[in-house]
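Here is the structure we will look at, set down as structure tokens.
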Amino acid sequence: SAARVLLELKPLMVDAPEDVAMRWRLLMVKAADKAYITHTSDSMLRPALDYYTPRTSDTLRPEAFYYAGRVYSDMGDYPRALDYFGRALVAMPPGHNLPRQAIIHNQMRWIYGSQFLYAKELEHARASLDIALRANDTARIIRGWSIVGGALLAQHKPDSAAVCYRNAWHFAEAFGDPHLCDRLRLQLINFFYETGRYASADSILRHHFPTHIYHNEKYTRNSILAGYYLNTKQWDSCLHYANLEISGVNPYEKMFGLICYSEYYIAHGQPREALMGGSIN
């Protein structure tokens with residue numbers, strides 16, 4: 001709704017003062033981002049970014065840097081995205097806007113993790129959790145503990161990861177938010193199947209299958225469930241979620257979906273089809 005209203009103002013921006021036009025551009029990018037519209041170009045942002053960059057006293061400068069990070073992240077230009085996320089953190093006064101700082105660390109954590117740079121992933125996951133703990137933000141604390149647990153699991157440290165997941169579950173139960181509990185159950189399914197505890201993962205799936213999955217968590221859900229069913233050789237379910245991944249826009253999501261298909265063909269004695277997995281779409 002906000003994006004539609006802003007778009008209707010576009011004709012007025014031709015003769016608008018520069019500061020108004022640049023604010024409108026930044027709001028257009030922000031509205032698209034919050035509506036989960038994938039950024040495919042920096043044409044809307046670039047003039048606003050050039051405008052706000054030299055204005056060191058402008059409170060909108062960190063926001064412009066943050067949304068530059070979001071735009072370039074969507075475009076797959078991860079080095080530039082990391083650069084602007086880092087600039088956003090530096091541009092923020094110490095101790096100000098802690099929620100946005102936590103979000104930025106999470107964005108940087110995701111980029112590093114998607115490129116298998118697990119040490120940097122853990123660094124930013126811990127930074128985001130530390131901010132949540134300082135701010136006493138229960139929802140972000142729950143998510144922070146689970147994310148740190150996932151980063152430790154990626155480094156093959158299941159005992160340390162288990163402590164993080166216990167902390168997350170303790171807060172989630174006390175908080176009593178169904179969505180947070182469901183989101184954490186997804187992480188627990190991932191933890192159990194990664195550590196070979198398939199019966200525990202299956203119990204969660206049978207009795208507490210997550211129902212409150214928001215749009216931006218579908219990738220997490222599909223990846224976790226495809227991986228679980230792959231490891232337990234439940235092929236019909238595995239390929240169902242693999243197809244959802246292949247139809248997504250994230251390249252790493254597509255990659256994992258194709259890996260599931262390759263594993264399926266290998267398990268069924270069809271090596272030629274496994275090698276051709278990249279043609280599935």
Side-chain angles (χ1 to χ4, degrees), residues 36 38-40 73-78 81-82 106-122 124-125 143 146-158 161 165 182-198 200-202 204-205 209-210 213-281:
Y36 303 112
T38 302
H39 304 289
T40 58
S73 180
D74 275 0
M75 293 172 62
D77 189 345
Y78 295 137
L82 289 169
N106 258 323
Q107 294 289 333
M108 298 176 79
R109 183 268 313 169
W110 181 87
I111 291 175
Y112 284 121
S114 69
Q115 297 180 85
F116 314 111
L117 299 171
Y118 296 130
K120 294 295 289 184
E121 177 190 30
L122 180 59
H124 287 283
R143 182 166 173 78
S146 67
I147 288 173
V148 171
L152 288 166
L153 191 59
Q155 295 191 42
H156 307 291
K157 298 176 180 178
Y165 286 126
D182 277 351
R183 188 162 59 187
L184 183 54
R185 286 187 182 103
L186 273 174
Q187 298 299 318
L188 290 173
I189 290 168
N190 181 61
F191 171 73
F192 287 136
Y193 97 69
E194 288 281 359
T195 54
R197 297 164 64 181
Y198 300 129
S200 296
D202 186 61
I204 296 176
L205 278 170
F209 187 82
I213 306 301
Y214 289 1
H215 175 86
N216 62 330
E217 291 164 358
K218 287 181 180 178
Y219 167 49
T220 301
R221 178 197 64 181
N222 295 338
S223 296
I224 288 173
L225 295 181
Y228 167 72
Y229 289 123
L230 171 65
N231 279 273
T232 55
K233 311 302 180 188
Q234 299 180 57
W235 296 114
D236 288 345
S237 296
C238 173
L239 296 185
H240 168 72
Y241 287 104
N243 283 327
L244 292 177
E245 291 194 296
I246 291 169
S247 64
V249 297
N250 185 293
Y252 296 100
E253 183 179 5
K254 290 177 179 288
M255 179 183 73
F256 190 70
L258 292 170
I259 288 172
C260 289
Y261 260 97
S262 296
E263 292 286 348
Y264 168 80
Y265 285 125
I266 290 170
H268 289 78
Q270 298 173 277
R272 184 182 296 275
E273 286 77 6
L275 287 172
M276 295 296 291
S279 65
I280 299 170
N281 207 323

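- When every heavy atom of A154 is checked against every heavy atom of E121, the shortest pair comes out as CB-OE1, 4.2 Å.
- Rounding to the nearest 0.5 angstrom, the gap separating the OG atom in S200 from the CD1 atom in I189 is 11.0 Å.
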For this session: Step by step, work out the side chain to side chain contact (heavy atoms under 4.5 Å, CB included) result for R197 and F191.
Result: CA-CA 8 Å; R197 297 164 64 181; F191 171 73; 3.7 Å; yes
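- Here the side chains of W235 and K233 are in contact, with some heavy-atom distance below 4.5 Å.
- Shown here for Y118 and G113, the closest heavy-atom pair between the two residues is CE2-O, 4.0 Å.
- Here L153 contributes atom CG and L122 contributes atom CG; the two are 11.5 Å apart, rounded to the nearest 0.5 Å.
- Residues Y228 and A201 share a closest heavy-atom pair of CE1-CB, 3.5 Å.
- At a threshold of 4.5 Å between non-hydrogen side-chain atoms, the residues Q187 and L184 count as touching.
- Y193 places none of its side-chain heavy atoms less than 4.5 Å from the side chain of T232.
- In this structure, D74 CG and Y36 OH are separated by 12.0 Å, a value rounded to the nearest 0.5 Å.
- I147 CD1 to L152 CG: the interatomic distance, rounded to the nearest 0.5 Å, is 12.0 Å.
- Classified by interplanar angle (parallel below 30°, tilted 30° to 60°, perpendicular above 60°), the ring pair H124/Y112 is parallel.
- Residue L244 holds its CG atom at 11.0 Å from CG of L239, rounded to the nearest 0.5 Å.
- Side chains of I111 and S73 form a contact here, defined as non-hydrogen atoms less than 4.5 Å apart.
- Residues Y198 and F192 have side chains not in contact (no heavy-atom distance under 4.5 Å, counting atoms from C-beta outward).
- Considering all non-hydrogen atoms of both residues, A226 and E245 come closest at CB-OE1, 3.8 Å.
- Taken from SG in C260 to CG in N222, the straight-line distance is 10.5 Å, to the nearest 0.5 Å.
- Taking the six-membered ring for Trp and thresholds of 30 and 60 degrees, Y264 and Y261 have ring planes more than 60 degrees apart, a perpendicular arrangement.
- Contact check for W110 versus Y78: side-chain heavy atoms found under the 4.5 Å cut-off.
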